Colleague: 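Structure provided below as structure tokens; questions to follow.
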There are 2 protein chains.
Amino acid sequence: MRISKELAKGSNGMLVLSVLEKGDKYGYLIVKEIANLSDNVFSMNEGTLYPILHSLEKEGYLEAYWVEAENMRKRKYYRITEKGRKELAAQKTEWKSYSTAVEKVLGYV
Amino acid sequence: MRISKELAKGSNGMLVLSVLEKGDKYGYLIVKEIANLSDNVFSMNEGTLYPILHSLEKEGYLEAYWVEAENMRKRKYYRITEKGRKELAAQKTEWKSYSTAVEKVLGYV
DNA sequence: AATAATACCTAGATAGTCAAGGTATCAAGG
DNA sequence: CCTTGATACCTTGACTATCTAGGTATTATT
């Protein structure tokens, strides 16, 4: 992250779920997608991403499957589950509540 | 915090600076002020606040002084310094950048 | 042949927050 | 008078998300 690491804490899981809601992706591509969508404000570290993916899978929010076509590196794709979609919705609600509260304290609202 | 603790990481220092920008306050009152302004979304733990205050003071962003009037508990007031105001401005800019980036990834923008 | 990009991963350190506790004063209610 | 709750300061130990830094391997480019 270009952004101070601490600000980001807690939002990365949500960001991962969010890009996967729009279609299955493999790890490396998730990093690129988050960088692109954020206009390169975020550049998620791989050492951050993979533990998050494993944790989200363990919680049942994601399912993984390997794709191994010819002339292509092996890629581990992730698909968001129904449980994952619900979790994402909850986290988005929480994000709204959090960011609104911050802006109230800052005097923006 | 009612908000998941991780989301809050990194923003608390900014919130403290922000409420002090509007006038000197002592620790206990800072907690109340942040709770009030955020409509009780935030309820900062004292175990979180005091280390933050000490750290901000150490960095030169705050200055402390005791007030000990009659019929009153001893209160340790904090005043934001010029350096603190600059830091706050920088953190507000970073917050804007961060929250905008999150909302871009979430597809709100 | 060397380098950069792709693609997966882990281990140890760092740092912010929390829960839980301590100390002490004051006001209100029983 | 005594207990309770609010005020007001603080510290310690645990938790956990992230980072830095490393590892392995393949493919494309120069």
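Worth saying up front: this structure is predicted, and the values here are computed from it rather than measured. In the text below, chain A, chain B and the rest are named by the order of the sequence lines, each starting its count at 1.
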Colleague: Between atom CG in L49(B) and atom P in dC9(D), what is the gap in whole Å?
Modeller: 8 Å
Colleague: Between I30(B) and L53(B), is there a side-chain heavy-atom distance shorter than 4.5 Å?
Modeller: yes
Colleague: If I take atom NZ in residue K74(A) and atom C1' in nucleotide dT27(D), what distance separates them, rounded to the nearest angstrom?
Modeller: 16 Å
Colleague: As a test of reading the structure: which of dA19(C), dC19(D), dA7(C) is closest to the side chain of T48(A), going by heavy atoms?
Modeller: dC19(D)
Colleague: Which nucleotide in the set dC9(D), dA7(C), dA19(C) lies at the smallest distance from any side-chain heavy atom of Y28(A)?
Modeller: dA7(C)
Colleague: In this structure, how many angstroms lie between the P atom of dT26(D) and the OH atom of Y26(A), rounded?
Modeller: 17 Å
Colleague: Counting only side-chain nitrogens and oxygens, does Y50(A) get under 4.0 Å of the OP1 or OP2 atom of dC9(C)?
Modeller: no
Colleague: For dT11(D) and H54(B) - does any side-chain N or O of the residue sit under 4.0 Å from the phosphate oxygens OP1/OP2?
Modeller: yes
Colleague: Considering just the side-chain nitrogens and oxygens of K76(A), establish if one lies under 4.0 Å of OP1 or OP2 belonging to dC9(C).
Modeller: yes
Colleague: What does G47(B) touch in the nucleic acid at a heavy-atom separation under 4.0 angstrom: a base, only the sugar-phosphate, or nothing?
Modeller: base
Colleague: What is the distance, rounded to the nearest whole Å, between atom CG of L53(B) and atom C1' of dA8(D)?
Modeller: 12 Å
Colleague: Are S11(B) and Y98(A) close enough that a side-chain donor and a side-chain acceptor fall under 3.5 Å?
Modeller: yes
Colleague: So what does R73(A) touch, heavy atoms closer than 4.0 Å: a base, only the sugar-phosphate, or nothing?
Modeller: base
Colleague: Of P51(A) and G13(B), whose closest DNA chain C nucleotide lies nearer the 5' terminus?
Modeller: P51(A)
Colleague: Take atom OH of Y77(B) and atom C1' of dA8(D), then tell me their distance rounded to the nearest Å.
Modeller: 11 Å
Colleague: Do Q91(A) and W95(A) make a side-chain contact, defined as non-hydrogen atoms from C-beta onward lying under 4.5 Å apart?
Modeller: no
Colleague: Run the side-chain hydrogen bond (donor to acceptor under 3.5 Å, both in side chains) test against K104(B) and tell me which residues pass, sequence neighbours left out.
Modeller: D39(A)
Colleague: Starting the side chain at C-beta, find the nucleotide from dC9(D), dA7(C), dT17(C) nearest to I52(B).
Modeller: dT17(C)
Colleague: Phosphate oxygens OP1/OP2 of dA17(D): is one of them under 4.0 Å from a side-chain N or O of N12(A)?
Modeller: no
Colleague: Quick one: do K96(A) and E103(B) make a salt bridge, cutoff under 4.0 Å?
Modeller: yes
Colleague: Output the rounded distance in Å from OH (Y65(A)) to P (dA7(C)).
Modeller: 14 Å
Colleague: Between Y78(B) and K32(B), who's closer to the 5' end of DNA chain D by nearest nucleotide?
Modeller: K32(B)
Colleague: Using whole Å, report how far CG of L56(A) lies from C1' of dT16(D).
Modeller: 15 Å
Colleague: Find the distance I30(A):CD1 to dC9(C):C1' and express it as a whole number of Å.
Modeller: 14 Å
